[in-house]
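Heads up: the structure comes next, in structure tokens.
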Amino acid sequence: VRPPDTKLFGRPHFPKPPTSSKSLASRTFDQSTFSSRPSSQAVASLIAVVPPGYLLYVRDRALIGQSFDIAKGAISGEPFVVADAVDYFPESGMASFSASDTGALVYRSALDLERSRLLWFDRKGKQTGEVMDAAPYRNPRLSPDGKRLAVEQVDPSGNRDIYIIDLEKRLSTRITFYPGIDASPVWSNDGLRFAWYRGSGTYAKLANGTGQEERIHADPLIPDDWEP
């Protein structure tokens, strides 16, 4: 049970985006903009409006573009693929891409996650070792005693679970088994527990993997720090 004076600092997660172009239009533009268009399809990510006149969004992990009249709030033509396998967070709709007013585009490939490496560096910036073999890692957090690492791993479907790595033994143990996304682990100050984000709330569990999960906050906060 979480002590009554424990404080968990986190930031609110973005709400799940609308599941169709029509529902997005009703919030952002006139509803007729999208509802009357046969080419409009379900949109699973947040949408970026890019000059001189395009919408960018992610669908089925592909970055999609579509012509868009910013002044009229009207789409035209058929959507087209800009890039394949873009890094994407399905529970929030956040996707790793950004575009400038000049037309320059940057995005993170989901394929890069397969080659993620956890490396040690000294204070002079020299690499001194590797934590584990390459894997689709995300959001690593060292334990207070520096002996363990909590980290997300992404499976081929894009789902995420949290693993605890014993750094001395180089042994990785899966800790969460939820069919949805478990993300952003943060350690308690004593290193006995960790908290993390899940779409249905903020949860905590013993770091050795035993015991039951505890929902410590009804809102799905992304934890940043844990103060006793």
Side-chain angles (χ1 to χ4, degrees), residues 8-11 13 45 58 61-63 83-92 94-98 105-199 202-211 213 220-228:
L8 186 72
F9 294 93
R11 45 198 159 92
H13 202 46
S45 78
V58 172
R61 296 198 170 274
L63 182 61
D84 292 313
V86 174
D87 186 25
Y88 168 60
F89 198 162
E91 286 206 357
S92 68
M94 297 300 293
S96 300
F97 73 89
S98 182
L105 171 70
V106 61
Y107 68 93
R108 178 177 180 178
S109 171
L111 300 178
D112 290 339
L113 291 173
E114 299 176 4
R115 298 186 292 271
S116 297
R117 299 171 67 197
L118 298 172
L119 304 174
W120 291 111
F121 289 84
D122 62 22
R123 293 183 180 276
K124 296 181 179 180
K126 180 181 178 181
Q127 182 181 330
T128 59
E130 187 167 12
V131 176
M132 295 288 287
D133 294 335
Y137 299 116
R138 272 194 147 186
N139 295 323
R141 287 287 187 108
L142 277 171
S143 63
D145 61 8
K147 295 181 179 180
R148 292 164 296 165
L149 185 75
V151 65
E152 303 167 26
Q153 287 197 40
V154 187
D155 70 18
S157 72
N159 187 41
R160 305 182 193 184
D161 279 293
I162 295 172
Y163 290 70
I164 302 293
I165 299 175
D166 184 315
L167 297 175
E168 295 179 353
K169 299 178 180 179
R170 299 187 83 244
L171 177 65
S172 178
T173 303
R174 183 176 174 179
I175 300 296
T176 65
F177 296 87
Y178 180 63
I181 289 178
D182 290 316
S184 302
V186 61
W187 292 89
S188 62
N189 279 14
D190 58 13
L192 296 179
R193 294 175 297 161
F194 70 98
W196 72 94
Y197 159 83
R198 181 180 288 174
T202 307
Y203 287 75
K205 187 176 183 178
L206 290 173
N208 61 11
T210 64
E213 298 174 351
L221 301 175
I222 299 178
D224 288 323
D225 201 1
W226 189 329
E227 180 183 295

Where do V151 and V131 land on the side chain to side chain contact (heavy atoms under 4.5 Å, CB included) test, with the steps shown first?
-> CA-CA 12 Å; V151 65; V131 176; over 6 Å; no

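- Proximity of a side-chain donor or acceptor of W226 to a complementary backbone N or O of V186 within less than 3.5 Å is not detected.
- Here R148 contributes atom CZ and F194 contributes atom CZ; the two are 10.5 Å apart, rounded to the nearest 0.5 Å.
- Nearest heavy atom pair, residue S184 against residue E152, reads N-OE2, 2.6 Å.
- Taking CD of Q153 as the reference point, atom OG of S116 lies at 9.5 Å (rounded to 0.5 Å).
- For the side-chain hydrogen bond (donor to acceptor under 3.5 Å, both in side chains) test, residues two or more places apart in sequence or in another chain that qualify with S96 are D87.
- Annotation: side-chain hydrogen bond (donor to acceptor under 3.5 Å, both in side chains) contacts of T128 (sequence neighbours excluded): none.
- Here the CG-NZ distance, from L142 to K147, works out to 13.0 Å after rounding to the nearest 0.5 Å.
- For A207 against I175, the heavy-atom pair with the smallest separation is O-CD1, 4.0 Å.
- Taken to the nearest 0.5 Å, the CD1 atom of I181 stands 7.0 Å off from the OH atom of Y197.
- Residues satisfying the side-chain hydrogen bond (donor to acceptor under 3.5 Å, both in side chains) criterion with E213, sequence neighbours excluded, are R198.
- Residues in residues 165-176 take part in these side chain to side chain donor-acceptor pair (under 3.5 Å) pairs, two or more places apart or across chains: D161-R174, D161-T176, T176-D182.
- The two residues W187 and P144 have their closest heavy-atom pair at CB-CD, 3.8 Å.
- Residue pairs meeting the side chain to side chain donor-acceptor pair (under 3.5 Å) criterion with at least one member in residues 117-126, sequence neighbours excluded: R117-E130.
- Side-chain N or O atoms of S143 include none that pairs as donor or acceptor with a backbone N or O of G191 at under 3.5 Å.
- Considering CG of L171 and CD1 of I165, their distance stands at 9.0 Å, rounded to 0.5 Å.
- Residues that satisfy the side-chain hydrogen bond (donor to acceptor under 3.5 Å, both in side chains) test with D190, not counting sequence neighbours, are S188.
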List the steps, then state whether side chain to side chain contact (heavy atoms under 4.5 Å, CB included) holds for R108 with F97.
-> CA-CA 6 Å; R108 178 177 180 178; F97 73 89; over 6 Å; no

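- Heavy-atom minimum distance, L105 versus S98: CD1-O, 3.4 Å.
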